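All of these numbers come straight from a predicted model, not from anything done at the bench. Order of the sequence lines sets the chain letters (A, B, ...), proteins ahead of strands, with each chain counted from 1.
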There are 2 protein chains.
Amino acid sequence: MKGSHEDRLDVIKSRIIEQIGNNMKIYGVSQTTGRVMATIYYHQKPMTLDELSEEMGMTKMSMSNAVRELMDLGVAEKIHVKGSRKDHYVIEQDYYQFFIDLFCTSWSKTTHAKAATRMKLSRDLEEIIQDENADPETKEEAKKILEENHKAIEFFNWINRLIQHFESHEIFKHVPIKEGNKKRDPY
Amino acid sequence: MKGSHEDRLDVIKSRIIEQIGNNMKIYGVSQTTGRVMATIYYHQKPMTLDELSEEMGMTKMSMSNAVRELMDLGVAEKIHVKGSRKDHYVIEQDYYQFFIDLFCTSWSKTTHAKAATRMKLSRDLEEIIQDENADPETKEEAKKILEENHKAIEFFNWINRLIQHFESHEIFKHVPIKEGNKKRDPY
DNA sequence: AATATCGTAAAATATATATTTTACAAATTT
DNA sequence: AAATTTGTAAAATATATATTTTACGATATT
């Protein structure tokens, strides 16, 4: 009878971990990576690749890939535990900061490069528009695209400002975390 | 000489479309769907599946899948053009509204269901905690998970409020679109 | 009513992604 | 320095996703 409760708890835990794995897919990370993240989170202590491998029944290599992805996203950190040769990994504990990290990493990754590309294309378009030999119809279309490009660049700038709005936690002033978690304030 | 400018314009156009296709991947839509979206957008007129198929060099079936995905995300709309039997598709023209549609659709899709699951699990945990036969250690862990669950539910609520913050365009008060596009106001 | 057109479901194929296996360099212990 | 352990790259395999082909019902046209 005693064991059945533990079993139920394990079921609950694995369902939560599974759910988080699915959730993470919208952030653009693979299900496995999401599960690794959740596993470390619920373990409450830093974990090694071998522990993860054991716990999840997958190869160490997969775990290595997953934690790298998490570190790239800025939500996992490699820490040294003295007495052990193995790398240990910890996960951002704050849900909101976690969200911000994921959101901002994936967004800022694109905007800069994309805006730069657009600007380059805008210069090409300008050339066509300036060229006197260019066919008027072509020029007309170039102008339209140039305008679109301008709008796109403006939009990328807005995204950047939005990222800042989140990173600076300004957003919480306008969409407050209602109750609890007061300790996040010091950020 | 005249043709070369047109060619250059085509290159620019296809690069932009390609870029948008890549961009969209972070929103969780496939590259093809992103390209379809960009193709319709830059075409400036409603497009049919056959036109898209022709333009993109892919089967009509693929186009059908893509536009359905876009409609599910709330960024494309099927319209009737009189005189034609074929369905025509249009794309949300406003970058910001487009962003909001994508963001909110993908987020709200998860939160409701996920919060419900968590609440159900919380009730299961309560049962374990209340049960006098349960092992104290197990109870302790159940309490911890229950608390985590509570935090998660609170977070989902925050996400919902965040979605509202975007859908209501409140966000623009705090992260304004600097210049131009004044016509968006009436939303 | 017969014929043609349109859109999409279902099955088949092709492509991309995830996972494991194998191999090896770098660091650590003996 | 030899042997062991750790983490990861590269290649091989397995799995999932995207795309096309085929087939067919619904609607419109003749």
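Within the model, atoms CD of Glu141(A) and CG of Leu9(B) stand 5.0 Å from one another, a figure rounded to the nearest 0.5 Å. To the nearest 0.5 angstrom, Leu70(B) atom CG is 12.5 Å from Glu77(B) atom CD. Atom CG of residue Asp94(B) and atom CD1 of residue Ile100(B) lie 8.0 Å apart, to the nearest 0.5 angstrom.
The 5' end of DNA chain D is approached more closely, in terms of each residue's nearest nucleotide, by Tyr89(A) than by the other of Tyr89(A) and Ser62(B). Of the residues near DNA chain C, Asp50(B) and Thr59(A), the one whose nearest nucleotide (by heavy atom distance) lies more toward the 5' end is Asp50(B).
Protein atom CE of Met63(B) is 13 Å distant from nucleotide atom P of dT21(D), rounded to whole Å. If you measure from atom CE of Met71(B) to atom P of dG7(C), you get 11 Å, rounded to the nearest angstrom. Rounding to whole angstrom units, NE2 of residue His80(A) and P of dG7(D) are separated by 12 Å. One atom, NZ of Lys78(B), and another, P of dT27(D), lie 12 Å apart when rounded to the nearest Å. Regarding Arg68(B), its CZ atom lies at a distance of 14 Å from the P atom of dT19(D), rounded to whole Å. Atom P of nucleotide dT8(C) and atom CG of Asp87(B) are separated by 7 Å, given to the nearest angstrom. To the nearest angstrom, P of dG7(C) lies 11 Å from CG of Leu52(B). We find that CG of Asn65(B) is positioned 9 Å from P of dT19(D), with the value rounded to whole Å.
You'll find a donor-acceptor pair under 3.5 Å spanning the side chain of Arg85(A) and the base of dT5(D), going by distance alone.
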Report task. Take Asp124(B) and Lys120(B), measure what salt bridge (charged side-chain N to carboxylate O under 4.0 Å, His left out) needs, and give me the verdict at the end. Result -> CA-CA 7 Å; Asp124(B) 290 353; Lys120(B) 198 202 156 306; 3.3 Å; yes

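The side chain of Met58(B) lies closest to dT20(D), out of dG7(C), dT20(D), dT8(C). Comparing dA9(D), dT8(D), dA9(C) against the side chain of Lys60(A) picks out dT8(D) as the nearest. Proximity note for Met61(B) (side chain, C-beta onward) versus dA9(C), dG7(C), dT8(D): the nearest is dA9(C).
Judged by distance alone, the side chains of Glu55(A) and Thr39(A) never bring a donor and an acceptor atom under 3.5 Å apart.
The phosphate of dT19(C) (OP1 or OP2) has no side-chain N or O of Arg35(A) nearer than 4.0 angstrom.
Residues Arg35(B) and Ile20(B) are not in side-chain contact: their nearest non-hydrogen atoms beyond the backbone lie 4.5 Å or more apart.
Using a cutoff of 4.0 Å between basic side-chain nitrogens and carboxylate oxygens, Glu154(A) and Lys178(B) are not scored as salt-bridged.
Annotation: proximity of residues 24-34 of chain A to DNA chain C (heavy atom, distance under 4.0 Å) is found for Ser30(A), Thr32(A), numbered in ascending order.
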